Protein chains: 2
Amino acid sequence: MPETDADPLAESTGYALRRAAMSMLGDLADRLAAIDCRISEVSVLLLVNKNKDITATQIARALEIKRANMVGLINRLESRGLIKKIPLDGKSQAIVLTPKGGRRSARALTITQQFEDDLIARVPAEHRNHLLPALRSLWL
Amino acid sequence: MPETDADPLAESTGYALRRAAMSMLGDLADRLAAIDCRISEVSVLLLVNKNKDITATQIARALEIKRANMVGLINRLESRGLIKKIPLDGKSQAIVLTPKGGRRSARALTITQQFEDDLIARVPAEHRNHLLPALRSLWL
DNA sequence: TATTGTTATACTCTATAACTATA
DNA sequence: TATAGTTATAGAGTATAACAATA
């Protein structure tokens, strides 16, 4: 059976970057299904946990999510009782974790840290310490 | 002005991988707009150019695209006169480049090779040779 | 029976434009 | 004037289930 010749994609760092990211995101999404959360939702929970009285706009800037797309994300977390909104003034509102959200955030942190350990363990030792700096150099 | 504390995301290889891939894909998509092609379309053109009489199902396997999602992709390329379908038997059909598709594929290759060079150039020299093998180890 | 191509459908993520109210 | 939150909308990628025709 003749295999397809994937060149020049096979030698492409860009293509490998996309495939590695897709693979990684699929794995992480599967693990986060255990706490009924999407990757984007967990990103918000962890960020809110670390930053008291952060606003939706600040979250959007930190995660490079468009403000318009924060609305559904925040509302979904709020409707599940994981976060609540607290008015800071007439215009801004802080996003804070509820007790339930705090517990969910803690579980999310456990899962993501284990995920991170497993991810790094798959990289051969001689390349391991180069990966994060290399990725950061591409992270405009 | 207090900045947001993005930890633990800031130290996460998984997060950096996602951000690097998103940044890279955005850059590439911008460059491919010059030849009015999406990234997925160019992937198909380059693959078809390298593999004579490849079928849509084989393309789908090589690029890890679901067969159902190949239909629109192939039809869009066909309606623009870049590829044509040639029956192999009553069930399978080869996807081949038209002359116009061949020229488009050549331009796509020039753009993607320049893109690749620019991408690699952004990685500090001491990490450069480690990136591709590290990514491949994560590419399940 | 398994495979190819296809239709239909749905969900996620991303993106822009424009509106309201407030700083 | 600029910013925060929001609405509406659209495009792109990805996913599954199911079907007809053919190997």
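This structure is a prediction, so every number in the text was calculated from the model and none was measured. Proteins come first, then strands; the chains are lettered A, B, ... in the order of their sequence lines, and each starts at number 1.
The NZ atom of B:Lys85 sits 15 Å away from the P atom of C:dT4 (whole-angstrom rounding). Per the geometry, CZ belonging to A:Arg61 stands 15 Å off P belonging to D:dA2, to the nearest Å. Rounded to an integer number of Å, the gap from B:Leu63 CG to D:dG13 P is 12 Å. Rounding to whole angstrom units, CD1 of residue A:Ile74 and C1' of D:dT6 are separated by 13 Å. Going from atom CD1 of A:Ile54 over to atom P of D:dG5 covers 11 Å, rounded to whole Å. Separating the CG atom of B:Leu32 from the P atom of D:dG13 is a distance of 11 Å, rounded to the nearest angstrom. Rounded to an integer number of Å, the gap from B:Asn69 CG to C:dC11 C1' is 12 Å. Put simply, CE on A:Met70 is 14 Å from P on D:dT7, counting in whole angstrom units.
Other residues sharing the hydrophobic cluster of B:Val96, ordered by chain and number and joined by side-chain separations under 4.5 Å: B:Ile86.
The residue among A:Asn75 and B:Ser40 whose nearest nucleotide of DNA chain D lies closer to the 5′ end is A:Asn75. Judged by closest nucleotide on DNA chain C, B:Thr55 is the one of B:Thr55 and A:Lys66 placed further toward the 5' end.
Here the side chain of B:Ala56 is nearest to one of C:dG5, C:dT4, C:dT12, namely C:dG5.
The pair B:Arg104-B:Glu41 does not meet the salt-bridge criterion, since no charged nitrogen lies less than 4.0 angstrom from a carboxylate oxygen. We find that A:Arg136 and B:Glu11 are joined by a salt bridge, their nearest charged nitrogen and carboxylate oxygen being less than 4.0 Å apart.
A side-chain N or O of A:Asp118 and one of A:Gln114 form a donor-acceptor pair less than 3.5 Å apart.
Counting any heavy atom pair closer than 4.0 Å across all strands shown, B:Met22 reaches sugar-phosphate atoms only and no base atom.
Between D:dG13 and A:Arg18, no contact under 4.0 Å exists linking OP1 or OP2 to a side-chain N or O.
Without hydrogens or angle criteria, A:Ser79 side chain to A:Arg76 main chain gives a donor-acceptor distance under 3.5 Å. Without hydrogens or angle criteria, A:Ser92 side chain to A:Asp89 main chain gives no donor-acceptor distance under 3.5 Å.
With contacts defined as side-chain heavy-atom distances shorter than 4.5 Å, the pair B:Leu138/A:Leu131 qualifies.
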Nucleic acid footprint by protein, nucleotides 17-23 of chain D - heavy-atom cut-off 4.0 Å, B for base, S for sugar-phosphate alone
B----BS
